[in-house]
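What follows is a single structure, written as structure tokens, with notes after it.
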Amino acid sequence: MSAISQQSFVEQHAPTWTRFEETLSEIEKDRTALPAEVFPEQYREICNHLSIAKHRGYSTGVTTPLNRLVERGHTLLYGARVSRQDVILDYITAGFARQIRAEWKLLLLSTAFFVIPALAMFFWLTTEPDWTYHVLGSRQMVSMEAMYEQPTSMRVDRESDSDVLMFGYYIRNNTGIGLRTFASGLVFGIGSLFVIAFNGIFMGAVAAHLHNAELSQNLWPFIIGHGSFELTAIVLAGMTGFKLGFAPIWPGRLSRMDALRKSARDNVGLVAGFAAMFIIAAFIEAFWSSSTASDATKYTVGTFLWLFVIAYFVFAGRDFSTSTTPEPAAPEITEITDPTDNQQVQA
């Protein structure tokens, strides 16, 4: 069998996948009748490509989107009824995590642009504290000291209406950060990386200043709970913004405008996902992080939340069946003709 690289395979068939996805979207949106003259043929071709990709051991970045196309085509072709609620629930429980894993390289890039500046700023200012004035400014330093001058476990409980007000404030503040991070990606994708790095620098500087002021013991119990969702969402917002802004620069076989439109459609779920994470973080921050629970309890709950977030993105939506088990939504294919080879591939 002649060898063909994954990149060549994707470049050769990407226009076909895009056309089929557009057909699916039109049918799902308008609920029009299936174009019987072309749809079954398109569907069989996508099934063929999925089986070839699995046979050659291509990465999940290729097989997962193809499998989703097959599932959607199978649903429409065989008349299965899927409610909007089912679609949303499936994306929350599996699709969002799968989409993030498919972009793991961008995720690592975005994480590095956040973590490295934060750590660098923290270690620099803890050894050179005089520079904190130039990074944060005296007003910001005084504000941070006042905010963390005593542990939350010693504070007087706020009224419930104050918690609700703070919940609204945190939603506005957190989602504002996320949307600015995402929207700045329109500047060729680079803007998102700069915004992420800026957030990392700021948070590293605040942590260093509170450490130097011997107040860090009040900081970590407060942020460990909501930080799992908030900090992860910031990284995801930057990753999504970079992905959107970079699409017209490297459009592949699509025009730059088509590449931008396709990237925008693909990113809708990611935007909704990190926005939901910001809202969850705001809820935890308003009703738990600022509560009078003991530091030990907050560390325990915060550790659990971090493990939950990590486990979700690592395991949610994975197919743990063996490679010999067929995908449940795809039709059985016993023999596949590879258009790039002169012989047949046995599935």
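Computed over heavy atoms, backbone and side chain alike; hydrogens, waters and symmetry mates excluded.
Identified under the side chain to side chain donor-acceptor pair (under 3.5 Å) test for residues 200-217, with sequence neighbours left out: Glu145-His209. Screening residues 106-124 for side chain to side chain donor-acceptor pair (under 3.5 Å), with sequence neighbours left out, gives no hits.
Of the possible donor and acceptor atoms, none in the side chain of Ser289 sits under 3.5 Å from a partner among the backbone N and O of Ile223. Remark: side-chain polar atoms of Ser51 are not paired, donor with acceptor, to backbone N or O of Asn48 under 3.5 angstrom. Here the side chain of Ser291 pairs no donor or acceptor atom with the backbone of Phe287 at under 3.5 angstrom. The backbone N or O of Gly61 lies less than 3.5 Å from no partner atom in the side chain of Thr64, so there is not a single donor-acceptor pair. In terms of modelled atom types and a separation under 3.5 Å, the side chain of Thr232 and the main chain of Ser228 share a donor-acceptor contact.
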From CA spacing to verdict: side chain to side chain contact (heavy atoms under 4.5 Å, CB included), Met121, Phe202 | CA-CA 8 Å; Met121 185 59 61; Phe202 177 78; over 6 Å; no
List the steps and the verdict of side chain to side chain contact (heavy atoms under 4.5 Å, CB included) for Val235 and Leu231.
-> CA-CA 6 Å; Val235 171; Leu231 300 182; 5.9 Å; no
Would Trp288 and Ile284 count as a side chain to side chain contact (heavy atoms under 4.5 Å, CB included) if you check the C-alpha gap in whole Å, the side-chain angles of each, and the deciding distance to 0.1 Å?
-> CA-CA 5 Å; Trp288 171 251; Ile284 297 173; 4.0 Å; yes
Please test Gln12 against His49 for side chain to side chain contact (heavy atoms under 4.5 Å, CB included), starting from the C-alpha separation and ending with a verdict.
-> CA-CA 11 Å; Gln12 178 180 355; His49 293 167; over 6 Å; no
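Within the 4.5 Å cutoff, side-chain heavy atoms of Ser25 are placed close to those of Arg72. No side-chain heavy atom of Phe122 sits less than 4.5 Å from a side-chain heavy atom of Met203. Contact annotation: the side chain of Lys105 never approaches that of Leu109 to less than 4.5 Å [non-hydrogen atoms, C-beta and beyond]. His226 places none of its side-chain heavy atoms less than 4.5 Å from the side chain of Asn174. Taking the side chain as every heavy atom from C-beta outward, Asn173 and Ile177 approach each other to under 4.5 Å. Contact of the Phe278 side chain with the Ile234 side chain is registered, since non-hydrogen atoms from C-beta on lie closer than 4.5 Å. Met147 places none of its side-chain heavy atoms less than 4.5 Å from the side chain of Phe222. A heavy-atom distance below 4.5 Å is not found between the side chains of Phe229 and Ile279.
None of Phe96, Phe308, Trp306 except one satisfies the ring-ring contact (aromatic ring centres under 6.0 Å, His included) rule with Phe313; the exception is Phe96.
Shown here is Tyr299, whose OH atom has more than 12 heavy atoms of other residues, nucleotides or ligands within 6.0 Å.
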Can I get a per-line list of side-chain donor-acceptor pairs under 3.5 Å for residues 188-197, giving both atom names and the distance, sequence neighbours left out?
residue: Ser192; atom: OG; partner: Thr181; partner atom: O; Å: 2.6
residue: Ser192; atom: OG; partner: Gly185; partner atom: N; Å: 3.0

Determine all donor-acceptor pairs shorter than 3.5 Å in which one atom belongs to a side chain in residues 238-246; sequence neighbours excluded.
residue: Thr240; atom: OG1; partner: Leu236; partner atom: O; Å: 2.8
residue: Lys243; atom: NZ; partner: Asn267; partner atom: OD1; Å: 3.3

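Cluster annotation: Phe304 is connected to Met277 through the hydrophobic network of ILVMFWY side chains, with a link wherever side-chain heavy atoms come within less than 4.5 Å.
For Ala102, the side chain to side chain contact (heavy atoms under 4.5 Å, CB included) test picks out no residue, with sequence neighbours left out. For Arg180, there are no salt bridge (Lys or Arg N to Asp or Glu O under 4.0 Å) partners at least two apart in sequence or on another chain.
Taking the six-membered ring for Trp and the full ring otherwise, Phe283 and Tyr170 have centroids separated by 6.0 Å or more.
Taking every heavy atom of both residues into account, Ala207 and Leu219 meet most closely at CA-CD2, 4.0 Å. For the pair Leu125 and Ala208, the tightest heavy-atom approach, listed with the atom from each and the gap, is CB-CB, 3.6 Å. Nearest heavy-atom pair across Ile46 and Trp17 is CD1-CD1, 3.4 Å.
Between Asp295 and Lys298 there is no salt bridge, since no side-chain nitrogen of the basic residue lies less than 4.0 Å from a carboxylate oxygen of the acidic one.
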